[in-house]
Amino acid sequence: MCDYPSLVNIQLQILSNPLLISDFIRNFSNNLTPLVLCLQWLESVKQSLPIQLFRQYKKLIDEKIRTGGLFDFDYRCGLRIGTFLTETGWLVEAIGILQLTQQHAQFGTAEELTVLRHLMRAQTLAGKLIDASKTYDRMKRMLSNVIRQTMAIRHLPGKESEVQRLQDLQAAVCHSFSLYNFEDLNYVSSYDYGIQSLNMINYRSPCRLVIDVLRQVARVFLIHKKYEKAIEMMKLAIGLVAQEYGRVSALYAATLEDSAILLLACNQVSESVDVYGDAQQLYAELYGARNLLLSLAQGDLAYGLCLQAYVTGHRDRALCHVARAAGNYQRILPPDHRMLAQVRRLHATINLLTFDRETNGAIHELSVDCFNHKEIEPLSVRDIYPSIHALL
C-alpha cells in the first residue's frame with residue numbers, strides 16, 4: 001500500500017480484480033490487515049474499492065453466463081470477498097456481492113445455504129432486518145434438507161469429512177439465526193439457536209466458527225443474566241483467538257470490545273473502559289490514526305454512546321440518549337454509513353445492561369469473577385471442547 005496520490009488509479013485497477021482479491025483472502029486469511037489498509041487509503045481519497053469489486057464481480061458473472069468460460073471462477077470467489085467485507089464493515093457492498101453470489105451458487109444446496117448465512121449476517125449487522133427476515137425464512141426451509149442429507153450419509157464409510165462439513169454448516173446457520181434474532185430483540189429464539197450452535201461444534205470444527213459461536217453465546221447468556229457462564233464463554237473465546245490469530249490482530253480487538261460490554265453489564269465500569277481502551281489501542285497499532293478518523297475497521301460497537309447511555313442509570317433515559325444520537329448521525333451521514341449502522345444496533349446492546357432503577361441498586365452487589373484478558377492462556381479448539389460442554 002502506498003500513499004502517493006499518483007498511484008491511486010493504478011492501485012484501484014489492480015485491486016478491483018475479484019479473482020486476485022479472492023486469492024489473497026484465501027492465502028492470507030489469518031492476517032488481512034494490508035488489504036484493509038488499502039481499502040481504507042482508497043476510501044480516504046474518495047475511491048471506493050468495495051464498489052469497484054462489486055461492479056467487476058458482476059461483470060465476471062455476466063461473462064460466465066454469456067460465454068460459459070472462466071472455469072476457475074465459482075461461487076467461492078464472491079463468498080470470500082463478501083465475508084471479508086462483512087467482517088471489516090463494508091456491509092452494503094458485502095450484501096450486493098453476496099446477493100450476486102447466491103445466484104451463482106447451486107440452487108437449493110449446501111452451497112446456497114452457505115452463501116445465505118453470510119448474506120443474512122451482513123443484512124443483520126447493517127440493520128436491514130426486513131431483508132434479513134426474508135433470508136432467514138428461506139434458510140429455515142433449506143436447513144431441513146441439509147439435516148436430512150447429513151443423516152442419510154452419517155454412517156456411510158468414507159463420508160466422515162462430508163458429515164463434518166455439513167454439521168459445521170448447521171452450526172454456522174444456527175449461529176447466524178441466533179445473531180439475527182438477537183438483533184431483532186427475540187431473545188428466546190436467539191438463546192435457543194445459540195445453544196444449538198454450541199452443541200453442534202466439536203474439536204474438528206473450524207476455529208473461526210468456534211470463535212464466532214462462543215462470542216454470540218456469551219451475549220445470549222448475558223441477556224439472560226447468566227453472568228458466570230457468559231464470562232467463561234468470553235474467556236474461552238479470548239484464549240482461542242490468542243492461539244489462532246494472536247494478540248495483535250483485529251479479531252482479538254473485536255473480542256476485547258465484546259469483553260468491554262460484558263464487563264459493563266457486570267457493573268465493572270472502570271475495567272470495561274480499560275479493556276475497550278486496549279482494543280482501540282490495538283486498532284490504532286494495526287491501522288493507524290486514519291482508521292479512527294474515518295471510523296473504518298473499528299469493530300461493531302459504538303461503545304462510547306453505550307457507556308454514556310449506561311451511566312444515566314435508567315433504561316428509558318439511555319434509550320432516549322441513543323435515539324437522539326441516532327437522529328444526529330442520520331442528519332450528517334449517508335443512509336448506509338457504517339457508524340449509523342452501529343448506532344442502530346445499540347438498542348440490542350443496551351438490553352444487555354441492567355440499570356439501577358430496575359434492581360434498586362442490586363446490580364452493584366453482583367458478584368462475578370472478573371478477568372484480565374492479558375492473563376488468559378492461549379487455547380486450541382481441542383483444549384476448550386470439554387469446557388464448552390461443561391457449561392451447557
Side-chain angles (χ1 to χ4, degrees), residues 25-32 74-76 79-80 83-84 86-87 105-106 109-118 120-121 139 142-179 192-221 229 232-247 249 251-252 254-255 258 376-392:
I25 294 170
R26 179 181 58 190
N27 294 324
F28 301 98
S29 57
N30 273 19
N31 183 15
L32 295 172
D74 63 19
Y75 79 100
R76 286 171 291 191
L79 181 61
R80 292 189 193 103
T83 302
F84 164 73
T86 299
E87 292 173 350
Q106 190 173 352
T109 65
E111 280 186 10
E112 185 186 9
L113 185 58
T114 300
V115 176
L116 286 174
R117 89 103 169 171
H118 286 285
M120 188 176 72
R121 181 186 177 203
M139 289 174 66
M142 295 181 65
L143 182 59
S144 59
N145 295 333
V146 172
I147 293 173
R148 284 195 295 270
Q149 183 182 354
T150 307
M151 296 299 295
I153 65 173
R154 181 181 297 276
H155 301 296
L156 296 179
K159 294 291 185 179
E160 293 81 6
S161 61
E162 178 68 8
V163 170
Q164 181 67 45
R165 185 182 69 84
L166 292 174
Q167 287 179 337
D168 289 337
L169 176 57
Q170 292 173 47
V173 168
C174 287
H175 162 265
S176 297
F177 286 175
S178 179
L179 173 64
D192 290 342
Y193 281 121
I195 297 302
Q196 284 185 48
S197 66
L198 196 62
N199 272 312
M200 290 175 182
I201 59 175
N202 57 49
Y203 62 87
R204 293 184 297 273
S205 298
C207 64
R208 181 55 196 265
L209 171 61
V210 177
I211 291 166
D212 289 346
V213 169
L214 291 173
R215 291 173 63 191
Q216 177 60 22
V217 172
R219 296 172 82 205
V220 298
F221 277 148
K229 289 187 175 182
E232 289 305 313
M233 283 290 159
M234 189 57 61
K235 289 165 68 175
L236 294 176
I238 290 172
L240 186 53
V241 175
Q243 171 77 16
E244 299 294 338
Y245 293 86
R247 297 184 192 270
S249 65
L251 185 57
Y252 191 80
T255 308
D258 290 353
I376 297 175
E377 294 293 328
L379 299 166
S380 68
V381 175
R382 191 177 291 272
D383 291 333
I384 70 174
Y385 186 62
S387 300
I388 290 175
H389 291 276
L391 291 168
L392 291 175

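One is the number of the first residue; the rest follow in order along the sequence. All values below were derived from every heavy atom in this structure, side-chain atoms included, with hydrogens, water molecules and symmetry-related copies excluded. Values in this document were obtained by computation on a predicted structure and should not be read as measured data.
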Any side-chain heavy atom of [X] within less than 4.5 Å of one from [Y]?
X	Y	value
Q167	N202	yes
P378	R247	yes
L214	L198	yes
I25	T83	no
L166	I153	yes
I201	V381	no

Taking side-chain hydrogen bond (donor to acceptor under 3.5 Å, both in side chains) as the test, write out the residues that go with [X], two or more places apart.
X	answer
T255	none
N199	none
Q243	none
N30	none

> Can we say R208 and E87 salt-bridge, meaning some charged N sits less than 4.0 Å from an Asp/Glu carboxylate O?
Replying inline: yes
> Quick one: do R165 and E162 make a salt bridge, cutoff under 4.0 Å?
Replying inline: yes
>> According to side-chain contact (heavy atoms from CB on, under 4.5 Å), who are the partners of S387, at least two apart in sequence or on a separate chain?
In response: L236
> Are a donor atom and an acceptor atom from the side chains of Q164 and D168 found within less than 3.5 Å of each other?
Replying inline: yes
> Taking everything shown except K229 itself, do over 12 heavy atoms lie less than 6.0 Å from its NZ?
Replying inline: yes
> If only atom types and distance count, is the side chain of S178 paired as donor or acceptor with the main-chain N or O of C174 below 3.5 Å?
Replying inline: no
> Do any N or O atoms from the side chain of E111 and from the backbone of Q106 form a donor-acceptor pair under 3.5 angstrom?
Replying inline: yes
> According to the side chain to side chain donor-acceptor pair (under 3.5 Å) rule, which pairs have a member within residues 143-154, sequence neighbours left out?
Replying inline: N145-R148, T150-Q170
